[in-house]
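To start, the structure under review is shown below, and the notes come after it.
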Amino acid sequence: MTGGGDGPEAGCTPERGSFAVDVRDGRVGRVMGRVGAYVRLRPPGGGPVWDCPPESVRPAPPGAVLRARVTEINREGQLPR
């Protein structure tokens, strides 16, 4: 995560492509970027993107990152139906 100022958002901007946790409900998502004041997260393996206030985003712990990567790899390996 990168910092960028002295305000309440300082240190709360996750790197694009990293995994983060939405502490409001515990969901893990890949950081897709920012839209306005919000961080956009996408569930591992795909799905609808959701917006999260930066103060509610934390870096995902190593175990959550591993599970998320396995989910993405499994999704990529599925054959078309």
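Under the 4.5 Å side-chain heavy-atom criterion for Ile, Leu, Val, Met, Phe, Trp and Tyr, V28 and V31 are members of distinct hydrophobic clusters.
Distance check: R40 CZ to R34 CZ gives 12.5 Å after rounding to the nearest 0.5 Å. Atoms CG and SG, on L41 and C52 in that order, are 5.5 Å from each other to the nearest 0.5 Å. For the atom pair M32 CE and R42 CZ, the distance stands at 4.5 Å (nearest 0.5 Å).
No donor-acceptor distance shorter than 3.5 angstrom exists from the side chain of R27 to the backbone of P43, with no hydrogens or angles considered. In this structure, R58 contributes its side chain and V21 its backbone to no donor-acceptor pair below 3.5 Å.
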Go through the steps to decide whether R69 and F19 satisfy the test side-chain contact (heavy atoms from CB on, under 4.5 Å), and finish with yes or no.
CA-CA 9 Å; R69 287 185 175 157; F19 286 101; 3.8 Å; yes

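Pairing each heavy atom of T71 with each of P44, the nearest pair is CG2-O, 3.5 Å.
Side-chain atoms of R30 and E72, non-hydrogen and from C-beta on, do get closer than 4.5 Å to each other.
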